[in-house]
> 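My structure is below; once you've seen it, I'll send some questions.
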Amino acid sequence: MTLLKELESRLAAALTTTLGEPTTAAVTAAADLRFGDYQSNAAMVLAKQRKTNPRALAQEIIDKLDLDGVATADIAGPGFINFRILPAAYQARAAALVRDPRLGVPATGEGRTVVVDFSAPNVAKPMHVGHIRSTIIGDSLARIARFLGFNVIADNHIGDWGTQFGMIIYGWNHFLDEAALAENPIAELVRIYRKTNAIKEEPGILDACKNELVKLQAGDPENLAIWEKSIEFSKIGLQKIYDRLDVKFDHWHGESFYNDRLAGIVDEFLETGLARESNGAVCVFSGGELAKEEDPFMVHKEDGWTDNPAIIRKADGGFLYATTDLATIQFRIDEWKADHVWYVVGVPQQLHFRQLFDAAARWGKTGDFQHVQFGSILGDDRKLMRTRSGENVGLVEVLEEAVERAAKAIAEKNPDLQGEEAAQIAEIVGIGAVKFAELSQNRLTDYVFSWDRMLALQGDTAPYLQYSHVRIRSIFRKLDAPFDATAAEIHLNEEAEIHLARLLVRFGEILPVVLEDFRPNLLANYVLELARAFHSFFEACPVLKSEEPIRSSRLALCDLTSRTLRQGLDLLGIAVPERM
RNA sequence: GGUCCCGUGGUCCAAUGGAUAGGACGAUGGCCUCCGAAGCCGUAGGUGGUGGUUCGAUUCCACCCGGGACCA
């Protein structure tokens, strides 16, 4: 049990005794260390309900509170109950963590399956910076869920059956350079796509592309062969980027995987009355009893039904994203037995997902569906970056530049590092910087793309965290014999030591909260705080030069810090170099 | 027209309805005969506006101003 949960449980016992009925209340980390380590506003909330004096109620609660040597409690301000953890309790907790491979993290997800749907680029198009958020945030959420004990299925729902194939096939037939294709298949695919896209306004071209698309969808063997090849080449290119980012998927079930299920689903929706025709299109309307009445987004007509349906078959017979996504939900729920499905997709898709989840519920596909949305990356004009706008920056380009800047920094700060080793470190540091820049802020925030922002190496960045880890390991390199942290006793005397322990103990409290609202930035903030606490400790408290038993205690704290930091970074998908 | 999101020091970002709003960059002042200065310790500087709910509002509600998105 985490320290926070223990306080909550002791507080609940006191509340229950005081009020004479089962009562629980939340404890949170104190906003300010001046007030203690943890705090609860239970007395203020309950006093309001009961119309009594909050401070008096707080006193009653504290009188009943059995903290058993873990903490002391007092009342402050309008009726806060503040807890101060005793150093002995931190010592005991830290000592237990030193021996705990899970670093105090509870397995809250055990027995549940979650599908994380992220990245999902269109094939035969270059990935640009706009794809970075879904890929990095999704990967981190998958890693965290896995560590919390969920059975995680990472699924890359690639766009491998979109209308872009009309243009790709047209380009393939008219502009393909066989030699270039053999040389660099992805670049050639992108070239023919762009070339076709550039001339699509010319008379007849768009129709020709549409014609190729129709032939493909009708199963024309020649077009199918072209389609298959371009998918194959694209996947190789994508895989290279994922390898570099250390992002792994369990499946790549793209749109085409569900093609043969779409017609049946539309028929089923029509037969069961879940959908009806409107102007030739098959539509799923939301509203009625299943809709939440207070939700104006889904219900805004007087009769209680939306005039804004999800279309699952167009008047011309074509299927849409909504149709494919319904098939995907069916597969994930029925085949994979998913309890949760998290879609890491941008804010602009909000309406689509609300309609989709609504339709799935009507269909009887029950599960916890979450649209984990994120804000947009904007260009200098504060407009959304789009694939076709010329100024857009390629993802590979960003990674290259990041690694280059990291290499420059290494040459400057640590010229002893040379050759292959320096190159490897530059890769780890550069990629880490990009990932951390993304993960350390609230996912809903829009931001204007900036090289300096995304590739910063100073301040609140991955290199700072990586450097912290390197510094800790460097202490252990100086030891003559291997150090066994599990044999050490923990002694906390200096304020810096206590603060470090305070943060180490919180690792297990932070992670479940990250998944409550899908906010990896909370974990990012935590590791930053931990690294700062370590640096302060390290300045104030000599480790190798101190006397036993303090020396062993501090070494054990260093060991625990390095493991916690490394685990935290790993959950953000950020690697740590040996040296830097 | 309908719906959604966002306005926080010069800049970029944090903050389950809680206390004196945190951090980084930039600016500025210190610290390398002492476990690696990609570091540490200081200083200055902030919630778009008007009301409302509340013991308490950056957070919730209404309207306004400004930026963006989706659907039609």
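The sequence lines fix the lettering, A, B, ..., with proteins before strands; numbering per chain opens at 1. Because the structure is predicted, anything quoted here is derived from the model rather than measured. All values below were derived from every heavy atom in this structure, side-chain atoms included, with hydrogens, water molecules and symmetry-related copies excluded.
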> If you take atom types as modelled and just measure distance, does the side chain of A:Asn82 reach the base of B:A19 with a donor-acceptor pair under 3.5 Å?
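Yes, the side chain and the base share a sub-3.5 Å donor-acceptor pair.
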
> Which part of the nucleic acid does A:Arg519 contact within heavy-atom distance under 4.0 Å: base, sugar-phosphate only, or nothing?
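The residue A:Arg519 makes sugar-phosphate contact but no base contact.
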
> What pairs meet the salt bridge (Lys or Arg N to Asp or Glu O under 4.0 Å) rule with one or both residues in residues 413-430 of chain A, with sequence neighbours excluded?
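Every salt bridge (Lys or Arg N to Asp or Glu O under 4.0 Å) pair that includes a residue of residues 413-430 of chain A, provided the two are not neighbours, is A:Arg244-A:Glu427, A:Glu421-A:Arg579.
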
> Angle class for the A:Phe353/A:Tyr343 ring planes (parallel below 30°, perpendicular above 60°, tilted otherwise)?
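A:Phe353 and A:Tyr343: tilted rings.
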
> Identify whether any heavy atom of A:Gln39 sits under 4.0 Å from a base atom; if not, whether one sits that close to sugar-phosphate; answer base, sugar-phosphate or nothing.
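The residue A:Gln39 makes base contact.
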
> Tell me, for nucleotides 38-47 of chain B in 5' to 3' order, what letter each nucleotide earns: B for a base near a protein heavy atom under 4.0 Å, S for only sugar-phosphate near one, - for neither?
BSSS------

> Between A:Pro348 and A:Lys478, who's closer to the 5' end of RNA chain B by nearest nucleotide?
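Its nearest nucleotide being more 5', the pick is A:Lys478.
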
> Would you indicate what A:Pro78 reaches in the nucleic acid, counting non-hydrogen atoms under 4.0 angstrom: base, sugar-phosphate, or nothing?
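Answer is base: heavy atoms of A:Pro78 come under 4.0 Å of a base.
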
> Look at all strands and tell whether A:Val347 reaches a base, only sugar-phosphate, or nothing, counting heavy atoms closer than 4.0 Å.
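No contact.
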
> Looking across every strand, which nucleic acid part, if any, lies under 4.0 Å from A:Phe538 by heavy atom: base, sugar-phosphate, or nothing?
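Base: the residue A:Phe538, judged by heavy atoms under 4.0 Å, touches a nucleobase.
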
> What's the base orientation of B:C63: syn (chi within 90° of 0) or anti?
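Anti.
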
> Under 4.0 angstrom, heavy atoms only, what part of the nucleic acid is A:Ala26 near: base, sugar-phosphate, or nothing?
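Here A:Ala26 touches no strand at all.
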
> Looking only at side chains, do A:Arg532 and A:His535 share a donor and an acceptor under 3.5 Å apart?
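Looking only at side-chain atoms, A:His535 and A:Arg532 do not form any donor-acceptor pair under 3.5 Å.
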
> Can you tell me which nucleotide in B:C70, B:C13, B:G36 comes closest to the side chain of A:Val470?
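Closest nucleotide among those given: B:G36.
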
> Ignoring the backbone of A:Thr28, work out which of B:C13, B:C55, B:U16 is nearest its side chain.
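Between B:C13, B:C55, B:U16, the one nearest the side chain of A:Thr28 would be B:U16.
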
> To the side chain of A:Ala31, which of B:U16, B:G36, B:A19 is closest?
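Shortest atom-to-atom distance from the side chain points to B:A19.
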
> So, under a plain 3.5 Å distance rule, would you say the side chain of A:Asn41 forms a donor-acceptor pair with the base of B:G18?
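Such a pair exists between side chain and base.
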
> When all nucleic acid strands are considered with a 4.0 Å heavy-atom cut-off, which category describes A:Cys541: base, sugar-phosphate, or nothing?
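Base contact.
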
> Answer with base, sugar-phosphate or nothing: what part of the nucleic acid does A:Thr445 contact at a heavy-atom distance below 4.0 Å?
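The residue A:Thr445 makes sugar-phosphate contact but no base contact.
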
> Output the pairing pattern of RNA chain B as a dot-bracket string, 5' first, Watson-Crick or G-U wobble with both distances under 3.5 Å, | for cross-strand pairs, [ ] for crossing pairs.
(((((((..((((....[...)))).(((((.......)))))....(((((..]....)))))))))))).

